[in-house]
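For reference, the structure discussed in these notes is given below.
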Amino acid sequence: MLQVTVALPSGRSEKFGPLPQSSKVGDLRVLTQKSFQLGFLRLVTADHSVVDPAVSLQAAGLEDGDHLTAIAIEAKVAATGAAFALFCCGGDRVVTWGKSDYGGDSSAVQDQLRNVQQVQA
């Protein structure tokens, strides 16, 4: 079990824990988003490395008492005449909705939509 402090660049911070080391970084990110009431965050270590949300806290090398910084990232939207895509540059997913014939269903390729930089409509 470990306790981690997450801070925003503004200085506002929260302690989270005790957390099992097997918990995913993504779970910590969700707790942070809810606590800070911010929708899209990227967690960064003291050495300025972005922490992969898909790995466990242990695999990410996080230890009891570590401090992370939560960076808010801007969501972007792309649209066609009948479909929409919501994503964050470099994020770990793209959400689509609308008519599937116009790009509204990305379920067949969702596992490939990692580190997306741009969506062209």
Side-chain angles (χ1 to χ4, degrees):
M1 302 295 268
L2 52 89
Q3 186 168 8
V4 178
T5 300
V6 180
L8 293 171
S10 67
R12 181 177 170 207
S13 67
E14 293 284 339
K15 288 185 180 180
F16 297 94
L19 303 166
Q21 290 181 321
S22 60
S23 295
K24 299 280 187 199
V25 171
D27 297 334
L28 175 59
R29 183 177 64 182
V30 169
L31 289 172
T32 303
Q33 288 171 189
K34 288 180 180 178
S35 177
F36 292 141
Q37 297 181 343
L38 294 170
F40 300 99
L41 296 176
R42 195 169 278 150
L43 299 178
V44 180
T45 64
D47 69 355
H48 308 288
S49 299
V50 175
V51 187
D52 182 350
V55 302
S56 70
L57 299 175
Q58 184 175 24
L62 296 178
E63 298 179 359
D64 189 43
D66 275 357
H67 291 258
L68 299 173
T69 301
I71 305 295
I73 52 178
E74 180 182 352
K76 299 186 183 224
V77 176
T80 65
F84 302 88
L86 176 73
F87 69 102
C88 294
C89 286
D92 58 349
R93 70 181 190 177
V94 175
V95 177
T96 58
W97 68 97
K99 292 187 176 184
S100 59
D101 293 350
Y102 291 84
D105 181 5
S106 62
S107 60
V109 295
Q110 194 59 230
D111 61 328
Q112 299 171 38
L113 298 175
R114 302 286 183 259
N115 200 25
V116 172
Q117 300 299 315
Q118 180 179 4
V119 172
Q120 189 69 37

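Just the heavy atoms: all of them, side chains too, but no hydrogens, waters or symmetry mates, feed the values below. Values in this document were obtained by computation on a predicted structure and should not be read as measured data.
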Minimum side-chain heavy-atom gap [X]-[Y] below 4.5 Å:
X	Y	answer
Asp66	Thr5	no
Leu2	Glu63	no
Asp64	Gln3	yes
Leu113	Phe87	no
Thr45	Val51	yes
Leu19	Asp27	no
Leu86	Val94	no
Leu68	Phe16	no

Closest approach of [X] to [Y] (non-hydrogen atoms, all atoms of both residues):
X	Y	result
Ser22	Ser56	O-CB, 3.8 Å
Ile73	Leu41	CG1-N, 4.3 Å
Arg29	Pro53	NH1-CG, 3.8 Å
Gly104	Ala83	N-CB, 3.4 Å

Query raised in the report: Above 12 or not: heavy atoms from other molecules or residues under 6.0 Å from OH of Tyr102?
Result: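 No.
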Point-to-point distance, once rounded to the nearest 0.5 Å, from [atom1] of [X] to [atom2] of [Y]:
X	Y	atom1	atom2	value
Lys15	Ser35	NZ	OG	13.5 Å
Gln33	Leu28	CD	CG	10.0 Å
Asp105	Lys99	CG	NZ	14.5 Å
Leu38	Ile71	CG	CD1	11.0 Å

Same apolar cluster (I L V M F W Y, side chains within < 4.5 Å links), [X]/[Y]:
X	Y	answer
Phe36	Val4	yes
Leu31	Met1	no
Val55	Leu62	yes
Leu43	Phe40	no

Query raised in the report: Who pairs with Ser106 by side-chain hydrogen bond (donor to acceptor under 3.5 Å, both in side chains), at least two apart in sequence or on another chain?
Result: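 Result, side-chain hydrogen bond (donor to acceptor under 3.5 Å, both in side chains) vs Ser106: Thr96, Gln110.
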Report task. Kindly assign one of parallel, tilted or perpendicular to the pair Trp97 and Phe84, based on the angle between their ring planes and the thresholds 30° and 60°. Result ->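 Trp97 vs Phe84 ring planes: parallel.
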